[in-house]
Amino acid sequence: MTRLEGKVAVITGATGGIGSAAARLFASEGASVALVDLDESALRDVVRSIGEDKASYTAADVTDPEQTEAYIDAAADRWGGIDILLANAGIEGTLSPITDYPVDEFDRVMAVNVRGVWLGIKYAVPAMREGGGGSIVITSSTAGIGGSPEMSAYNTSKHAVIGLMRCAALECAPLGIRVNTVNPAPIETRMMRSIEEMRVAAMDDTRVTVGVTKQSIAEGIPLQRYGDPEEVARMMLFLSSDDSSFCTGGVYMVDGGRSAGNPYRN
Ligand code: NAD
């Protein structure tokens, strides 16, 4: 298929579960993909699996303005412009009530999940404008539309990027740049393994009130399972391609029905 033929996509968090699935899917649909993440050898592996004729990488920390400018410039130089930004890098933070939540950990989550997305938009928009438009897709979460006990930093950050998306969608509409969020429920990646470990450990921790297993998390999803990274990537593909040409400013759930009910937990 060639839904992204001739397009250039910058993907952050590109060695993670969802980012690497999107990188492979976008490349298979004809895009050139510029991958961004922290670890160079992991980036090299993903590029190799896609092919150097379709993929490039820049090791960068999305919280850093200079490194953000550098990964955008490197993508535009390598592929001749930028059409798509998938602002996907994210961290889960720790599990703790607000009263015990470490302040530096709160700042770290907000830096990666919010500042990182804002910086990506800040530096990608001028490059996209030069090319006559484009699409920005931000990975939010079901945690962006509801609360979860002991995950205040993560849920706050995922709500914040919906506000950011709405502002960017309004600012960028006259430039022909669409901006949307994708909001997954639990997906089979490293991040959920980490959250499960913290939740299971919490069952013996009196400070934390919500201890749950993977099974009980999955049972809270009407389809009774986690999603696969590729099921999220397919929504990202839709929003990145011209198939979604009239979609901007929207929140797109990929959640097995979870947002149809309560509670919205990770
Ligand atoms: P993941 O941990 O596999 O991938 C996240 C990637 O982001 C990692 O490769 C990590 O190295 C990268 N990253 C972290 N900090 C970075 C930084 N400062 N600079 C550059 N890269 C950085 O997890 P994932 O599930 O693939 O997560 C991708 C996105 O999806 C995240 O934004 C996450 O919050 C969101 N999300 C995940 C789930 C889920 O259940 N897995 C559900 C909803 C939303």
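One-based numbering, in listed order, for ligands and for the atoms of each. The first residue in the sequence is number 1, and the count goes up from there.
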Original post:
Looking only at distance, does Val112 have an N or O less than 3.5 Å from an N or O of ligand 1?
Top reply: no
**OP:** Could you tell me whether Asn88 and ligand 1 have an N or O pair separated by under 3.5 Å?
**Re:** yes
**OP:** Decide whether an N or O pair under 3.5 Å exists between Gly13 and ligand 1.
**Re:** no
**OP:** Tell me yes or no: between the side chains of Asp243 and Ser245, is some donor less than 3.5 Å from an acceptor?
**Re:** no
Original post:
Where's the contact between Thr189 and ligand 1, heavy-atom distance under 4.0 Å: side chain, backbone, both or neither?
Top reply: side chain
Original post:
Quick one: which ligand 1 atoms are inside 4.0 Å of a heavy atom on Thr15?
Top reply: 9 (O)
Original post:
What about Ile18: any of its N or O atoms under 3.5 Å from an N or O on ligand 1?
Top reply: yes
Original post:
For Arg190 and ligand 1, does the shortest N/O to N/O distance drop below 3.5 Å?
Top reply: yes
**OP:** May I ask you to check whether Pro186 has an N/O atom sitting below 3.5 Å from an N/O atom of ligand 1?
**Re:** no
Original post:
Is it the side chain (CB and beyond), the backbone, both or neither of Ala185 that lies under 4.0 Å from ligand 1, heavy atoms counted?
Top reply: backbone
Original post:
Does a donor on one side chain and an acceptor on the other come within less than 3.5 Å for Glu150 and Tyr101?
Top reply: no
Subject >> Residue part near ligand 1, for Tyr154, under 4.0 Å between non-hydrogen atoms >> reply: side chain
Original post:
With backbone taken as N, CA, C and O and side chain as the heavy atoms from C-beta onward, which portion of Ser140 lies under 4.0 Å from ligand 1: side chain, backbone, both, or neither?
Top reply: backbone
Original post:
Do Ile221 and Asp255 have side-chain heavy atoms sitting under 4.5 Å apart?
Top reply: no
Original post:
With backbone taken as N, CA, C and O and side chain as the heavy atoms from C-beta onward, which portion of Glu92 lies under 4.0 Å from ligand 1: side chain, backbone, both, or neither?
Top reply: neither
Original post:
Taking atom CG of Leu38 as the centre, does the number of heavy atoms from other residues, nucleotides or ligands within less than 6.0 Å exceed 12?
Top reply: yes
